[in-house]
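Here the structure is laid out as structure tokens; the discussion comes afterwards.
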Amino acid sequence: METLTMRPILASIIFSLIGIAILLITYFIIEKLTPENTWSQISKNNNVALAIVFGAFIIGISMIISAAIHG
């Protein structure tokens with residue numbers, strides 16, 4: 001049995017942090033492009049439709065980031 005090295009674990013942590021950073025950057029770009037403050041619309045006005053759209057956006061961007069990282 002091979003011994004567990006730290007290199008794959010460290011690479012996994014680095015790639016996950018890069019992915020989270022890219023996801024946050026894309027969220028803030030979309031937030032700036034939309035005319036309304038989407039977070040206040042979701043939280044204060046209980047806009048379920050907007051919450052579903054942004055949930056789908058986050059899932060879609062996460063899948064793209066995951067495919068880009070894994071190759």
Side-chain angles (χ1 to χ4, degrees):
M1 200 181 261
E2 295 181 29
T3 60
L4 183 64
T5 61
M6 292 301 289
R7 187 171 180 183
I9 296 171
L10 183 61
S12 176
I13 291 170
I14 289 172
F15 281 132
S16 64
L17 290 175
I18 290 171
I20 291 170
I22 292 171
L23 180 66
L24 289 174
I25 289 169
T26 56
Y27 171 75
F28 286 120
I29 289 171
I30 296 297
E31 182 72 30
K32 292 293 181 187
L33 291 176
T34 54
E36 296 285 330
N37 186 355
T38 56
W39 184 250
S40 68
Q41 286 290 321
I42 292 171
S43 62
K44 292 179 183 172
N45 297 341
N46 295 327
N47 192 339
V48 177
L50 187 62
I52 291 171
V53 168
F54 264 83
F57 162 74
I58 290 174
I59 291 171
I61 295 296
S62 299
M63 290 172 65
I64 292 169
I65 292 168
S66 173
I69 289 174
H70 289 291

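Remark: Asn46 pairs with no residue by the side chain to side chain donor-acceptor pair (under 3.5 Å) rule, at least two apart or across chains. Partners of Glu31 by side chain to side chain donor-acceptor pair (under 3.5 Å), not counting sequence neighbours, listed by chain and number: Tyr27, Thr38. Scored by the side chain to side chain contact (heavy atoms under 4.5 Å, CB included) test, Ile29 finds Ile25, Leu33 as partners (sequence neighbours excluded). Ile14 meets the side chain to side chain contact (heavy atoms under 4.5 Å, CB included) test with Leu10, Ile18; sequence neighbours excluded. Looking at residues two or more places apart in sequence or on another chain, you find a side chain to side chain contact (heavy atoms under 4.5 Å, CB included) between Ile59 and Met63.
Atom CG of Leu50 is separated from atom CD1 of Ile42 by 4.0 Å, given to the nearest 0.5 angstrom. For the atom pair OG of Ser66 and CG of Leu23, the computed distance is 12.0 Å after rounding to the nearest 0.5 Å. Separation of atoms OG1 (Thr26) and CD1 (Ile61) is listed at 5.0 Å; rounding is to 0.5 Å.
Other residues, nucleotides and ligands contribute at most 12 non-hydrogen atoms within 6.0 Å of the CZ atom of Phe15.
The stretch residues 6-19 participates, sequence neighbours left out, in no side chain to side chain donor-acceptor pair (under 3.5 Å) pair at all.
By the rule that hydrophobic residues join a cluster once side-chain heavy atoms approach within less than 4.5 Å of another member, Trp39 and Ile30 end up as members of one cluster.
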